[in-house]
Amino acid sequence: MFSKLKLTMTVIILLFSISRIYASPLIIATEGVYPPFSYFNEAGELTGFDVDIAQALCEVMQRECTIVTIAWSDLLDGLEAGDFDAIIASMAKTEERARRALFSNHYYRSQTTFVGDPRRFISIAPEALESKRLSAGLDSIQATFLNQNYPNSDIVLTDNLDESFELLKLGQVDLVLTDSINSLGFLTSPEGFAFDFIGEPIIDPILVAEARIAVQLGNESLVEEFNQAILQLRLSGAYDRINRKYVPFSIY
Amino acid sequence: MRRSQLKMSITLVIAVLSILCVFTIALLLTSSLLKGISDNAGKTVNHYLPELVRTHQGALKVEQIHRYLDAAYRVQNAAEERSYRLLLQVLVHSFMLDDDDYLISEANNIMFDIQELLYIRHTQRALLEEILDIVDQSDAELAFVRGVFSSISVKNIREDIMQPPLNQLSVNLSEDDYSEVQYRVRFIIDLNEQLDMLVIDAHQRIAGLANYLTTDAVLRTRQISDEVGKDATLVSFYFSILIAILVFFSLMILITFHKLILRPVQQLVLGLRSIENQGDTTVKLPKMYFKELDLIRHSIEEYSELTHRLQAVNSDLERLSQIDGLTGLANRRMLDTKLNSEVKRSKRYHHPLSILMIDIDHFKKLNDEYGHQVGDQGLKLLAEVLQRFTQRPGELAARFGGEEFVLVLPESNISNAIEMAKMILVESRKIVFPEYPEIKFSVSIGISCFQKGVSDSAELLINHADKALYQAKSAGRDCFRLYD
């Protein structure tokens, strides 16, 4: 009789704790210095495509979400340490990253193009750029690409792309290699007037720039939840609304 | 030939189990097929819908390219042109992400057109600057012309509207300067015409691309609806098969039940009923398929045979109960029954009826002298005579008891009865015992006739005949007397 009661109590407590875990809010990390995907606007609020997509996904998944900004290089460490549940920071899947996190389907795609002074540069062949100073974000796919393909160039890695563009403006680097949409903001600003895309977008297996959501290894259910939510966002048209807010054409 | 027989209970269990098996297999097969179909439908949705959305987005992007191209064509300053060009560049390059060679090459062609357009605009602006420089360097009063050239946008520099300022310049400028200006204006005009061609070409490409994507979307939609339709047809096909199996088995069960159980049971019931009227033959039934039913059939046939035997015994017994064992004539019981019914008939229809009571003379002496066997022989011999005289229908000869006999003679009046008595007397005298030829045999007869109010019952008729017999005995035997 008593053991039965005990069992029932245990089950109830178990169910209660499960439901609490289930209902617990998700913590989502983003970069915060990567316009137009995640940045702080004039009012000091965190905004951008990644941020809006994160919020929309949470709404579809009916989960409460808290969005935090973490430096790019610390994102995967933080995820592994369990500081947050997911990274929505325009992160592409690479072999190395796949060993540290699980990745969802892509939620946008982009290309990588060099940005620099069009009067000085036409060709982007490695021979043409020998001993030139090339900049990219630390731990980015662009950095990996530069290290592999431009061994005779001077590669300057920065903590974020704002810094890279700053160096370009100051003439401390010659070219910046980054995401086209990310560059577009800089190029259309008055500061970027002197610069332009150099060459065609680079087609390379390393530079498959498909932004995905990263979650902790083993959390397949959350990835599946995100995948379903992405599909739902796209089919409901919410994705397009967010897309148009930051980029005037579809980037899926 | 022995046909192997099955037990109905076992057969039923096997039948039910096999039907269950078939249904389970059919259900499993159908459900797995249905699952495959629904998976397929899910795949169709997961595969085609995003692709459809992508195609749609591609079409939207092409639309956007169109808009940016027009804007880039229309805007006046280089900065705006540049920002449109940058947008266009990223937009066009985004087509490279899709694995569609036609899309990529057309997008690149459009990009070339746009770059060409911007280059021409750049050249035109440079030419315009040069014209303004030449005009500025001249000393002549050219405010109007200067105003025209500094305010006009390069795309509006056309043959017709450029004639008045050129005319003015031809008057006010030196010949060299004028020809320089005229050359540059003509160049800009030519470039504008070239630009128009270029924009038309770009528009055509965009229209072609839009058309391609729209057709693609329509095709995809067709594919989705085709595949979903195919799946639906498959589903209905499998359901039809399932229903057909159901109907087939139901029919089989019905027919089997009817053939192997219902009809045999009806045959058994009919067989059981026909036992009552079976007559001389016993009921024979066809062999049953099931052991249990065959057991019942056996029992019915056995019952039929038993009934047949009982009926035979019964009729024998009935006969025996009406006959006197020694003489083979009717016994006393039958006499009573017959006489009663004849009396009733005579009463109702006023028909004559006579009875004769016959007694062997000196029967006691015969027994005592020659033994009972001879006495019995005498009884038998007389019985034979009496049997001979009662051959007409309705007539009856019966042993009344001891050595007394009674003849019932319907339709016989007094004279008929007397006639009969005389003949019997004559025939009785003729009776001879083969071992004892010396024995003289004779009978005495008492007659009574049906007469209303006098002899109108069986008892009275017998009683009166007995009295008449007594009179005949008293009168010396071997004669008859009539009761009156």
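Naming: A, B, ... by sequence-line order, numbering from 1 per chain. FYI, side chains are in, hydrogens and waters are out, and symmetry mates aren't considered; it's all heavy atoms of this structure.
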At a 4.5 Å cut-off on heavy atoms, which part of [X] comes close to chain B: side chain, backbone, both, or neither?
| X | answer |
| --- | --- |
| A:L231 | side chain |
| A:T113 | neither |
| A:L184 | side chain |
| A:D240 | side chain |
| A:P190 | neither |

So with a 6.0 Å cut-off around CZ of A:F40, is the heavy-atom count from everything else above 12?
->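 Atom CZ in A:F40 is crowded, with more than 12 foreign heavy atoms closer than 6.0 Å.
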
Contact listing (chain A partner; residues 78-90 of chain B; heavy atom under 4.5 Å) | B:A79, B:R82, B:S83, B:R85, B:L86, B:L87, B:Q89, B:V90

Before giving the answer on side-chain hydrogen bond (donor to acceptor under 3.5 Å, both in side chains), spell out for A:Y246 and A:D52 the whole-Å C-alpha distance, their side-chain angles and the decisive distance to 0.1 Å.
-> CA-CA 10 Å; A:Y246 297 100; A:D52 282 10; 2.9 Å; yes

Going by the salt bridge (Lys or Arg N to Asp or Glu O under 4.0 Å) test, which pairs reach into residues 179-191 of chain B, not counting sequence neighbours?
-> B:E130-B:R184, B:E159-B:R186, B:E180-B:R184

May I ask you to check whether A:Y150 and A:F114 place their ring centres under 6.0 Å from each other?
-> yes

Which distance, rounded to the nearest 0.5 Å, do you find between the CG of A:D117 and the CG of A:D174?
-> 9.5 Å

Once you round to the nearest 0.5 Å, how far does CG of A:D204 lie from CZ of A:F145?
-> 4.5 Å

Of the listed residues (A:L187, A:V208, A:T188), which shares the most heavy-atom pairs with chain B below a 4.5 Å separation?
->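 Ranked by contacts with chain B, first place is A:L187.
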
Going by an N to O cut-off under 4.0 Å, is there a salt bridge joining A:E166 and A:K169?
-> yes

Is any side-chain heavy atom of A:T47 less than 4.5 Å from a side-chain heavy atom of A:Y39?
->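 Side-chain contact under 4.5 Å: yes.
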
B:L60 versus chain A, heavy atoms under 4.5 Å apart: side chain, backbone, both or neither?
-> neither

How far apart are the C-alpha atoms of A:F37 and A:Y108, what are their side-chain angles, what is the distance that settles it, and do they pass the ring pair (Phe, Tyr, Trp, His ring centres under 6.0 Å) test?
-> CA-CA 11 Å; A:F37 297 104; A:Y108 82 82; 4.4 Å; yes

